[in-house]
Amino acid sequence: MDIIHLLPDSVANQIAAGEVIQRPASCLKELVENSLDAGATRIQVIVRDAGRTLLQVIDDGIGMSEMDARLAFERHATSKIREAQDLFSLRTMGFRGEALASICAVAQVEMTTRRAQDETGTLIEIHGSDVVRQEPCACPVGTNIKVSNLFFNVPVRRKFLKTDQTELRNLLTEFYHIVLVYPKVAFTFVHNDEILLELPVGTEKQRIEAVYGNPKRNVYTSAFVDVHTETEMVSIRGFVIKPENATRKAEQYFFVNGRYMRHPYFQKAVMTAYSGMLTSDYQPSYFIYFDIDPEAIDVNIHPTKTEIKFADEQTIFQILMASVREALGKFSLAPTIDFDTQSSIDIPLPTDQPVSRPQVSVDPTYNPFHTRGAIYPDRAPKNWESLYEGMSAAKPLNDEMSSPAELNDGLRPMDQDSPVWQYKGRYILAPGEEGLLLLNQHRAHVAILYAQFMEQLSLTRGASQQLLFPEVLPLAQDEMALMTQLLDDLRAIGFDLEQLSPDSYSIQGIPAQLANQSPVPVLQQILAQVQECGADTRQEWRKQIALNLAKATAIPYGKILAETEMRDLITRLMALPQYRLAPDGKTIVSVLSDEELAKRF
Ligand code: ADP
Ligand code: MG
């Protein structure tokens with residue numbers, strides 16, 4: 001016996017409904033979008049019990065013929081696309097032809113509709129995909145569709161619905177997404193016989209005012225600044241709020257070609273334009289409308305269609321950021337950068353400034369090879385041997401290590417003009433008192449930078465550099481918790497981090513030393529290391545932060561160094577209280593003694 005059979009349409013439609021119609025709000029969205037696609041100028045929404053009992057949409061659009069009224073409820077019945085090709089030039093809201101079929105599969109639907117050219121209209125009633133009635137009727141031009149008892153035949157779905165309050169809020173959210181882009185269409189929203197919104201035809205600004213005019217919502221159109229940019233690729237219009245009117249919870253909207261969209265990447269573009277202007281946790285409200293050739297976007301990536309993919313997101317990011325910045329600047333609102341936040345700095349330390357530790361009487365710029373002062377003529381001390389005397393008293397960086405005096409013993413380089421060489425892009429060779437010094441160039445630099453980062457951490461003054469394109473750091477739940485613990489120190493060292501979602505942070509600025517590197521792997525590495533070492537005191541995790549940053553930014557293996565760079569590296573290394581071993585315990589300097597050398601011949 002064959003076991004494969006086709007699903008009856010009603011079942012297929014119920015399955016589709018699971019995707020398209022999850023709750024009353026999604027049903028409302030589909031209905032109102034149909035009305036807009038039908039060219040309506042006035043749309044009334046009537047809701048009872050947050051849409052559970054009734055969702056009704058009345059429009060004055062083009063209406064449907066008797067035949068179309070029946071076809072409209074068939075799966076993949078649409079008047080909006082004929083060929084797959086049309087998908088790319090879409091200007092209408094709906095296009096899949098599955099909304100009405102899905103809705104009538106899970107509700108009792110009654111519709112009356114009439115076109116201007118017809119004398120009589122059509123009434124059609126469908127219960128769970130079955131047509132129970134279709135007859136001519138007298139009705140105004142347009143369409144009036146009533147969806148009753150949503151999910152009457154899908155108890156699981158019905159149970160799944162939240163409280164009326166929540167579902168009503170969802171309904172209004174969907175409704176806002178639509179009405180904010182159609183100020184030329186009049187809307188009314190009635191819930192349980194109460195008019196909640198009455199939106200006359202007006203400008204976009206008036207529409208925003210009408211929706212959010214309630215001062216409690218903290219969006220004041222008087223606080224708006226216009227954004228306007230036309231380029232060949234995209235037109236961007238809209239309003240952004242002045243930084244001083246930012247709130248803890250803001251209204252942030254993007255629309256593209258008359259459709260609401262979520263776009264976390266573009267959201268970052270706006271936030272970047274505001275960077276330095278907002279007090280922490282305050283968000284700017286904005287309403288930004290994009291107009292773009294439909295061929296340059298793909299609205300088809302999700303059935304509920306709020307995620308939209310752009311062909312050239314990076315360029316649009318830049319255009320958007322620039323136009324918001326320009327708008328804010330035009331009203332002389334722009335960068336009076338607030339250095340008061342904990343992540344910013346007053347005096348940035350230049351990247352290559354050597355660290356001076358007070359307890360060690362060492363001139364860190366001093367180069368033992370150059371007592372004649374070729375490199376730092378005015379800074380070369382007279383009596384350089386004495387510089388090392390203070391070292392035995394110095395506290396080692398790594399408490400667990402033994403006295404630096406003995407560790408550093410015998411590693412002093414020869415003085416003056418002894419030559420230095422680089423070997424295979426990895427090692428620096430220099431004549432020392434007791435033999436040939438072999439330095440690992442990368443580790444030497446790690447040790448220098450580590451000391452520098454530790455100092456910046458203790459002084460909370462890492463130099464930060466804002467990113468042109470903020471990056472997203474996705475994190476697991478345990479990492480999120482760890483992140484909260486490390487946040488102060490990461491900010492102190494120059495990371496500008498804001499929580500983006502329950503499982504991600506946005507990286508808006510990085511320690512200046514990190515320059516052109518992606519901060520994401522560095523931060524991931526820091527978190528992994530802190531976790532792995534079970535670092536649970538501040539001092540311990542600071543060491544991990546400093547060490548991982550140092551490793552990420554140190555001179556890599558393979559880098560060819562100039563002689564001055566090598567000398568500088570040695571000078572700065574020797575200025576550290578402990579320079580034989582790197583902070584992670586690895587050997588930096590090794591000596592091939594003169595004896596050993598002699599034995600070889
Ligand atoms: P889609 O909108 O994706 O085409 P729907 O299932 O939402 O699919 O609607 C099917 C068809 O029914 C539409 O293409 C349109 O021709 C017609 N239709 C639906 N609602 C209306 C309306 N309010 N006014 C006029 N025609 C409508
Ligand atoms: Mg539709």
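The first residue of the sequence shown is numbered 1, and numbering continues consecutively from there. Side-chain atoms are counted along with the backbone in the values below, which use heavy atoms only and exclude waters and symmetry mates. Numbering of ligands and ligand atoms starts at 1, following listing order. Keep in mind that what you see is a predicted model, and the values were worked out from it rather than measured.
- Pairs engaging residues 54-70 under the salt bridge (charged side-chain N to carboxylate O under 4.0 Å, His left out) rule: R70-E74 [sequence neighbours left out].
- Contact annotation for L71 and ligand 1: no heavy atom of the residue comes within less than 4.0 Å of the ligand.
- Residue E30 has no nitrogen or oxygen atom sitting less than 3.5 Å from a nitrogen or oxygen atom of ligand 1, judged on distance alone.
- Among residue pairs with one or both ends in residues 231-241, those qualifying as side-chain hydrogen bond (donor to acceptor under 3.5 Å, both in side chains) are E204-R237; sequence neighbours excluded.
- Although no hydrogens or angles enter the test, the distance criterion places no donor-acceptor pair under 3.5 Å between the side chain of K29 and the main chain of F175.
- For an aromatic pair to be called close, the ring centres must be under 6.0 Å apart, and Y265 with F310 fails this.
- Atoms of ligand 1 found under 4.0 Å from any heavy atom of A99, numbered from 1 in the order shown, are 6 (O), 7 (O).
- Considering backbone and side-chain atoms alike, D37 places every N or O at 3.5 Å or more from each N or O of ligand 1.
- In A72, the parts holding a heavy atom less than 4.0 Å from any atom of ligand 1 are both the side chain and the backbone.
- Not a single donor-acceptor pair under 3.5 Å links the side chain of R23 to the backbone N or O of E167.
- Residue contacts with ligand 1 for L100 involve both N, CA, C or O and side-chain atoms from C-beta outward (heavy atoms, distance under 4.0 Å).
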